[in-house]
Protein chains: 2
Amino acid sequence: MNNPHLKDCVLHFGEMASRWGFNRSVGQVLAVIVFSEVPLSADDISESLGISRGNVSMAAKELQSWRLIRVVREPGDRKDYYGPNGSLWDLAQQVLSERRKREVDPTLSVLRSQLMQVDGQTPDYATERMQEIHDLLELFTGWLDDVQRLKPEQLKALLKLGAGVGKVLELKGKIFK
Amino acid sequence: MNNPHLKDCVLHFGEMASRWGFNRSVGQVLAVIVFSEVPLSADDISESLGISRGNVSMAAKELQSWRLIRVVREPGDRKDYYGPNGSLWDLAQQVLSERRKREVDPTLSVLRSQLMQVDGQTPDYATERMQEIHDLLELFTGWLDDVQRLKPEQLKALLKLGAGVGKVLELKGKIFK
DNA sequence: CTAAACTTTCAATAATTTCTGAAAGTTTAT
DNA sequence: ATAAACTTTCAGAAATTATTGAAAGTTTAG
């Protein structure tokens, strides 16, 4: 961690971490791994961030549960080395789908079960609202699922299209129906 | 808060709140406002959730900073009443754009400024990675911006399209080389 | 202007989350 | 089987975040 710009970035990732769904150490550990050209051992990380060995172990576990890092082992060396689990593109997709899983799916499942239980009865206002939220979340997550299954090339094309999506939608509307 | 399903939902929203970027009270207050057919006073909310008056005041302030609720005043009544700031669709858009502002924009700006400072020098690995992250985030937020400017009808069409987006993209590719 | 009816603020406290480091657990080489 | 070289776990300490409630601030009616 010689480069001062790198250091600033790692600290920034640490600060942002809580907004991204993990704690400061996890954010810093992720940064240091992503910015490193070679895989790092837990001791490397512990030393360069000035956090305890145990903390690194927990952060690595968390990052593995997000599928953001992977363990690399070198022959003739007993240490674990950590590296990013794929390209930046892969990591971004992983973050998106993991956050969907943690932030939306539980709510969708609670709403579904509440709505099941009142099915048939005439719904009060709150129930109608639950249905509305449920439908919106389902529409959204369904779309995300679909889009994430696109080939990377198509996904990139979609992103580059930007506002052009509107035009293409019109186009589609004119051709069919 | 008679309805037990409603109560469960409000508690669930409270539990999820920290994953959504606010605290439990803020989550519960939002829920109770969104599920209510009529605007609620701070006292109504304080009583129905069993939290202090001061806490409700801070939660309302936070929710207003997210533009998720608005104050309604009734003539001949000095109390503030809180209601949702628009349709569910509006609220969802608001959450998305506010989270982008809080979770992505600061990082983009840090990356931009770090990259400015090393501009011209031959970049090391970490700098290349910063550039890569910067470009990805910019592509993503630019697309979000564009898409959020679409008319609600177009946006809904896009969501309903789901995986169909892939087909439409191919179509577009065929028509315009 | 004053008092009543509110809302907001903020210092103190409570609750929660994170971090440390020593102990326990695991793996590998011999 | 043993010991060396690791990794993981977890109880307690530290740090952070959330909540309360009383005091200060604001607005409105008369």
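Every chain is numbered from 1 and lettered A, B, ... according to where its sequence line falls, protein lines coming before strand lines. Values below: every heavy atom of this structure, side chains too, minus hydrogens, waters and symmetry copies.
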Send over the distance from [X] [atom1] to [N] [atom2], rounded to a whole Å.
{"X": "Ile51(B)", "N": "dA14(C)", "atom1": "CD1", "atom2": "C1'", "value": "15 Å"}
{"X": "Leu40(A)", "N": "dT7(D)", "atom1": "CG", "atom2": "P", "value": "13 Å"}
{"X": "Ile45(A)", "N": "dT8(D)", "atom1": "CD1", "atom2": "C1'", "value": "15 Å"}
{"X": "Asp77(A)", "N": "dT27(C)", "atom1": "CG", "atom2": "P", "value": "17 Å"}
{"X": "Leu49(A)", "N": "dC19(C)", "atom1": "CG", "atom2": "P", "value": "11 Å"}
{"X": "Glu15(B)", "N": "dA18(D)", "atom1": "CD", "atom2": "P", "value": "16 Å"}

Hey, mind stepping through Ser87(B) and Asp90(B) against side chain to side chain donor-acceptor pair (under 3.5 Å) and telling me if it holds? CA-CA 5 Å; Ser87(B) 66; Asp90(B) 295 330; 3.1 Å; yes
Take a 6.0 Å sphere around CZ of Phe140(B) and say whether it holds more than 12 heavy atoms from other residues, nucleotides or ligands.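 Incorrect, the count does not exceed 12.
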Under a 4.5 Å cut-off applied to non-hydrogen side-chain atoms, are Leu115(B) and Asp119(B) in contact?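 They are not in side-chain contact.
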Would Arg99(A) count as a cation-pi partner of Trp66(A), with NZ or CZ less than 6.0 Å from the six-membered ring centre and within 45° of the ring normal?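 No.
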Using a 3.5 Å distance criterion without hydrogens, assess whether the side chain of [X] forms a donor-acceptor pair with backbone atoms of [Y].
{"X": "Arg19(B)", "Y": "Arg102(A)", "answer": "yes"}
{"X": "Asp146(B)", "Y": "Trp143(B)", "answer": "no"}
{"X": "Arg73(A)", "Y": "Tyr81(A)", "answer": "no"}
{"X": "Asn85(A)", "Y": "Arg67(A)", "answer": "yes"}

The side chain of Ser52(A) lies closest to which of these nucleotides: dT20(D), dT20(C), dT7(D)? dT20(C)
Out of dC6(C), dT20(C), dT7(D), which has the shortest distance to the side chain of Lys79(B)? dC6(C)
Check for me whether the distance between the ring centres of Phe35(A) and Phe13(A) falls short of 6.0 Å. yes
Nearest-nucleotide 5' precedence on DNA chain D, Asp80(A) against Ser18(A): Asp80(A)
Between the protein and nucleotides 25-28 of chain D, which nitrogen or oxygen pairs are less than 3.5 angstrom apart?
| residue | atom | partner | partner atom | Å |
| --- | --- | --- | --- | --- |
| dT28(D) | O2 | Arg78(B) | NH2 | 3.3 |

Quick one, which residues of residues 54-71 of chain A touch DNA chain C with a heavy atom under 4.0 Å? Gly54(A), Asn55(A), Met58(A)
Within residues 19-32 of chain A, find the residues that approach DNA chain D with a heavy atom at under 4.0 Å, and present them sorted by residue number. Arg24(A)
Carboxylate-amine/guanidinium proximity below 4.0 Å for Arg112(B) and Glu138(B):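 Result for this pair is yes, salt bridge flagged.
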Salt-bridge test for Arg129(A) and Glu37(B): reply yes if a basic N is under 4.0 Å from a carboxylate O, no otherwise.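 Glu37(B) and Arg129(A): not salt-bridged.
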Would one find a side-chain N or O of Arg53(A) under 4.0 angstrom from OP1 or OP2 of dT7(D)?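 So the side-chain polar atoms of Arg53(A) do come within 4.0 Å of the phosphate oxygens OP1 or OP2 of dT7(D), strictly under.
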